[in-house]
Amino acid sequence: MEFVKLGHIIDSFKLDGTFKVVSSTDFASLRYKKGNTIYLQKNNSEPLPLTIEKYHNNGKLDFVKTKEINVKEDAELYIGYEILFNKDEADIPEGYYRYDDLMGLKVFNENNKEMGIIIEVKEFPAQVTLKVKSIKDNEFYVPFVPFFIKDVDLKNQKIVIHEIGGML
C-alpha cells in the first residue's frame, strides 16, 4: 500500500484522546471524514490503522478523534507520529495534483521543446511553485498557476508550460 502524508501529531487535546495535528494536506475535511481510515507511523514503523470518529479545525490546527484512542494518555504516545492516508483512496478534485505526482515530470514549452524536469514543489504564501532542473543543468522556477501551466499529463509524465522572457 502506498501512502500520502496528511500531517503530524503535535499534542493531545481534551481527555478523550483527540490528536492536535499540523496538516500538510489541502483536503483535510475530506481526509479526516468520519469513517475514513488513517495510519500513524514513526521512523518507518509498521503503519497503525485508525478509524476517524470526529474532526474539526480551528483555523490553524486540525483536531482528529479516532475510535481506537479514547484517553489523553494513549494519544500522547503518538506525539511526533506522521498521519498517512492510503493513496488509492485519496481522491482529489479535478485540476488538483499531489506534489509527489508532479515530481519527475518532464517540462516542455508550448512549442514542445523539452525544458527540464521537476525536482521540487515549493509552497510560498502567494502560490505553489515548481523548481525545474533545466536540460542545461541550471534551475528555474515556474509558478503553478493557469497562466504558466498549460497542461499536466500524468499518464505521459509531462507538463507543458507557457515560457516567458527572463524565466530561464
Side-chain angles (χ1 to χ4, degrees), residues 1-10 19 21-50 52 55-62 64 80-168:
M1 185 179 326
E2 195 174 345
F3 294 104
V4 290
K5 181 180 175 183
L6 299 183
H8 64 277
I9 298 168
I10 61 167
F19 297 120
V21 176
V22 173
S23 289
S24 54
T25 178
D26 290 333
F27 308 105
S29 60
L30 278 175
R31 302 297 175 246
Y32 300 129
K33 190 174 170 182
K34 184 177 181 170
N36 281 357
T37 301
I38 57 170
Y39 299 83
L40 303 187
Q41 185 179 46
K42 187 173 186 176
N43 301 331
N44 296 319
S45 63
E46 184 68 27
L48 172 69
L50 299 173
I52 301 294
Y55 160 78
H56 75 276
N57 175 284
N58 72 355
K60 295 180 183 179
L61 296 172
D62 290 313
V64 178
Y81 276 63
E82 290 184 341
I83 299 179
L84 309 173
F85 198 79
N86 182 345
K87 187 174 181 175
D88 293 336
E89 296 175 9
D91 293 332
I92 55 175
E94 190 173 325
Y96 289 86
Y97 304 92
R98 292 182 194 91
Y99 294 171
D100 61 329
D101 288 342
L102 297 174
M103 298 291 293
L105 293 184
K106 289 185 178 181
V107 178
F108 294 84
N109 68 11
E110 292 169 299
N111 297 322
N112 209 31
K113 177 183 172 194
E114 187 171 349
M115 309 294 294
I117 188 168
I118 297 172
I119 59 171
E120 188 176 3
V121 180
K122 300 180 78 79
E123 279 192 62
F124 294 107
Q127 77 262 330
V128 172
T129 302
L130 306 175
K131 184 176 182 181
V132 179
K133 183 172 184 169
S134 77
I135 56 176
K136 296 178 182 176
D137 217 28
N138 60 337
E139 297 172 350
F140 64 95
Y141 293 88
V142 180
F144 198 73
V145 296
F147 179 80
F148 290 105
I149 306 302
K150 297 304 173 189
D151 184 46
V152 177
D153 185 351
L154 297 178
K155 182 178 178 184
N156 293 308
Q157 293 291 290
K158 72 183 250 182
I159 188 167
V160 178
I161 66 166
H162 174 65
E163 180 185 1
I164 61 171
M167 180 180 272
L168 307 178

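Residues Leu30 and Thr25 are not in side-chain contact: their nearest non-hydrogen atoms beyond the backbone lie 4.5 Å or more apart. Looking only at side-chain heavy atoms (C-beta outward), Tyr97 and Leu105 stay at 4.5 Å or farther from each other. Val142 is not listed as a side-chain neighbour of Val107, based on a closest heavy-atom distance of 4.5 Å or more. Within the 4.5 Å cutoff, side-chain heavy atoms of Val128 are placed close to those of Tyr99. A 4.5 Å side-chain heavy-atom check between Leu84 and Ile38 finds every atom pair outside the cut-off. No side-chain heavy atom of Asp100 sits under 4.5 Å from any side-chain heavy atom of Lys5. Proximity of Phe148 to Thr129: side-chain heavy atoms (C-beta onward) are nowhere separated by under 4.5 Å. For the pair Asn86/Thr37, no side-chain contact is recorded, criterion being any heavy-atom separation below 4.5 Å from C-beta on.
Between the CZ atom in Phe19 and the NE2 atom in His8 there is a gap of 13.5 Å [rounded to 0.5 Å]. Between the CD atom in Gln157 and the CG atom in Leu102 there is a gap of 9.5 Å [rounded to 0.5 Å]. A distance of 12.0 Å separates CD in Glu123 from CZ in Phe144, rounded to the nearest 0.5 Å. The distance from the NZ atom of Lys33 to the CD1 atom of Ile52 is 12.5 Å, given to the nearest 0.5 Å. Between Phe140 atom CZ and Met115 atom CE the span is 5.0 Å, to the nearest 0.5 Å. Once rounded to the nearest 0.5 Å, the distance linking NZ of Lys42 with CD of Glu82 reads 10.5 Å.
Residues passing the side-chain contact (heavy atoms from CB on, under 4.5 Å) test with Ile135 are Glu114, sequence neighbours excluded. In this structure, the side-chain contact (heavy atoms from CB on, under 4.5 Å) partners of Lys150, at least two apart in sequence or on a different chain, are Glu110, Val160, His162. Not counting sequence neighbours, the partners of Ile117 by the side-chain contact (heavy atoms from CB on, under 4.5 Å) test are Ile119, Lys133. Under the rule for a side-chain contact (heavy atoms from CB on, under 4.5 Å), the partners of Asn58 that lie at least two apart in sequence or sit in another chain are Lys60, Leu61, Phe63. With sequence neighbours excluded, the residues forming a side-chain hydrogen bond (donor to acceptor under 3.5 Å, both in side chains) with Asn156 are Asp153, listed by chain and number.
Nearest heavy-atom pair across Gly7 and Ser24 is N-OG, 3.7 Å. Residues Asn36 and Arg31 approach most closely at ND2-O, 3.1 Å, considering heavy atoms.
Applying the ring pair (Phe, Tyr, Trp, His ring centres under 6.0 Å) definition to pairs two or more places apart or across chains, those involving residues 24-48 are Phe3-Tyr39, Phe27-Tyr96, Tyr32-Tyr55.
When the shell of 6.0 Å around NZ of Lys131 is examined, it contains more than 12 heavy atoms from other residues, nucleotides or ligands.
In terms of modelled atom types and a separation under 3.5 Å, the side chain of Asn111 and the main chain of Lys113 share no donor-acceptor contact.
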Between Lys158 and Asn112, does the side-chain contact (heavy atoms from CB on, under 4.5 Å) criterion hold? Intermediate values first, please.
CA-CA 10 Å; Lys158 72 183 250 182; Asn112 209 31; 3.4 Å; yes
For Leu130 and Val121, run side-chain contact (heavy atoms from CB on, under 4.5 Å): C-alpha distance rounded to whole Å, both residues' side-chain angles, the deciding distance at 0.1 Å, then the answer.
CA-CA 5 Å; Leu130 306 175; Val121 180; 4.0 Å; yes
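In this structure, Lys87 pairs ionically with Asp101, as a charged nitrogen and a carboxylate oxygen lie closer than 4.0 Å.
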